[in-house]
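Working notes for the structure below.
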There are 2 protein chains.
Amino acid sequence: MHRNPDPRGTRAHEETHGHPVDGDAVESRARSYAVSKGVPFTPMRQSVLALLAASGKPMSAYEIAEKVSDARKLKAVQVYRALEFLQEAGCVHRLASRSAYFACDHLHGEGETVVFMVCAQCGAVQEAASELVARGLRGAAKTTGFRPRHPMIEVEGECAECAGTPER
Amino acid sequence: MHRNPDPRGTRAHEETHGHPVDGDAVESRARSYAVSKGVPFTPMRQSVLALLAASGKPMSAYEIAEKVSDARKLKAVQVYRALEFLQEAGCVHRLASRSAYFACDHLHGEGETVVFMVCAQCGAVQEAASELVARGLRGAAKTTGFRPRHPMIEVEGECAECAGTPER
DNA sequence: ATTGTGTTGTTACAACATTACACCCAGGAT
DNA sequence: ATCCTGGGTGTAATGTTGTAACAACACAAT
Ligand SMILES: [Zn+2]
Ligand SMILES: [Zn+2]
Ligand SMILES: [Zn+2]
Ligand SMILES: [Zn+2]
């Protein structure tokens with residue numbers, strides 16, 4: 001299996017500083033989920049997850065289809081099927097603001113309110129759970145009698161690295 | 001994309017309780033913006049905005065193209081151009097979770113953090129600004145040195161009316 | 001009149017996502 | 001062994017969302 005390639009060093013700073021996601025950990029979570037559902041963790045699912053974990057940055061489904069190492073060129077629909085499983089398993093999230101998918105090695109609690117912070121420069125995503133945000137949402141909902149079920153919070157901005165690099 | 005049954009709703013009960021948006025108020029805001037930018041508030045822009053305000057609920061660009069009363073059938077690209085203007089004017093928001101657009105008659109302050117609450121049943125959207133959410137986001141960002149610029153917060157759930165009406 | 005700026009009409013295309021169906025294959029029941 | 005069944009896979013077709021490019025037009029300023 002692959003250890004994550006290590007960062008720091010080689011590449012020019014576009015390709016590099018996305019991420020990092022522990023590929024083994026996230027894969028084992030996916031396997032557990034597969035077992036719990038009585039379905040197989042197939043090579044298809046494995047390769048898509050491995051690619052996302054290795055890249056550490058959001059990729060579109062078509063980009064995944066092109067780059068899966070697996071020799072065979074995947075059709076979009078196959079990628080979407082794998083992504084569906086991986087999202088259910090909690091190993092992959094979808095970024096609505098970019099129609100892109102990325103691997104996640106956090107273990108999110110049931111009602112946890114998670115914030116995705118997406119760097120406009122390099123595309124890297126950081127996640128943070130925030131109870132304060134959750135309270136804010138509950139408060140906002142209460143004023144109108146709205147029953148919140150599934151929040152989606154994506155913040156565009158600049159990651160620490162890119163903010164430190166004056167850009168251009 | 002999520003194919004909820006009936007995402008943007010054409011079903012029986014919704015001509016009623018989606019919304020309401022004050023069409024005149026929102027149009028006059030659009031006109032002011034147009035003046036301030038030295039560009040015209042054209043019939044094209046007017047019809048798109050009027051349709052969204054009247055409907056009071058999010059519609060896809062293609063749905064707008066079909067339904068604009070203006071006799072002429074609009075092409076998607078024309079709708080997108082109108083929407084671009086209207087979004088800049090602050091009269092229309094885009095709902096990323098549904099790829100849909102809706103009219104807004106609030107006057108949002110510059111740094112205001114707005115929460116969109118989208119009813120999964122009827123598709124209606126309510127907005128609320130929350131300083132508590134804003135603080136939560138700043139807190140989440142600080143832990144990683146992220147510089148937040150443009151938050152996008154969309155909560156799926158049930159509006160008060162639909163929650164009171166268990167289903168049909 | 002000429003130029004400049006911005007809108008419109010139109011075509012074409014790119015990017016994202018789903019439906020449908022045939023096939024395969026492993027596990028369990030007959 | 002044979003059949004049935006439930007998921008996964010391969011493939012094609014299509015649906016949905018969004019842009020690029022360009023010619024034609026309107027209007028205002030010079
Ligand atoms: Zn996560
Ligand atoms: Zn960055
Ligand atoms: Zn608004
Ligand atoms: Zn509702």
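Excluded from the calculations below are hydrogen atoms, water molecules and symmetry mates; all remaining heavy atoms, backbone and side chain alike, are included. Within every chain, numbering begins at 1; the chains are lettered A, B, ... in the order of the sequence lines, protein sequences first and strands thereafter. Source: prediction; values computed, not measured.
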| Asp105(B) side chain vs Asp22(B) backbone, donor-acceptor pair below 3.5 Å | yes
| note | When rounded to whole Å, the CD to C1' distance for the pair Gln46(A) and dG8(D) reads 16 Å
| message | Using heavy-atom distances to pick each residue's nearest nucleotide on DNA chain D, tell me which of Arg45(A) and Arg94(B) is more 5'. | response | Arg45(A)
| Quick one: is Gln78(A) getting a side-chain N or O under 4.0 Å of the dG10(D) phosphate, OP1 or OP2? | yes
| request: Map Pro40(B) and Val77(B) onto DNA chain C by nearest heavy atom, then report which one ends up closer to the 5' terminus. | output: Pro40(B)
| request: Fit a plane to each ring of Phe41(B) and Phe85(B), take the angle between them on a 0 to 90° scale, and name the class: parallel (under 30°), tilted (30 to 60°) or perpendicular (over 60°). | output: tilted
| Of all the choices, dT8(C), dG8(D), dG6(C), which nucleotide is nearest to the side chain of Val39(B) once you look at every atom? | dG6(C)
| said: Assuming nearest nucleotide by heavy-atom distance, tell me which of Ala61(A) and Phe85(B) is located more 5' along DNA chain C. | reply: Phe85(B)
| request: Would you kindly give the CD-to-P distance between Glu84(A) and dC16(C), to the nearest whole Å? | output: 19 Å
| message | Tell me the closest heavy-atom pair linking Phe102(A) and Leu52(A), and the distance in Å. | response | CA-CD2, 4.4 Å
| Under 4.0 angstrom between Ser99(B) side-chain N/O and dG18(D) OP1 or OP2 | yes
| said: If we check side-chain contact (heavy atoms from CB on, under 4.5 Å) with Val114(A), which of these qualifies: Met152(A), His108(A), His106(A), His93(A)? | reply: His108(A)
| Looking only at N and O atoms, is any donor in the side chain of Arg81(A) or the base of dG10(D) less than 3.5 Å from an acceptor on the other one? | yes
| message | Looking at dT9(D), I'd like to know if its phosphate oxygens (OP1 or OP2) sit under 4.0 Å from a side-chain N or O belonging to Tyr80(A). | response | no
| task | Check if the side chain of Tyr62(B) and the base of dG15(D) share a donor-acceptor pair of N or O atoms closer than 3.5 Å. | result | no
| Contact under 4.0 Å: Ser60(A) side-chain N or O vs dC16(C) OP1/OP2 | yes
| said: Over all strands shown, is Phe41(B) touching base, sugar-phosphate only, or nothing at heavy-atom distances under 4.0 angstrom? | reply: nothing
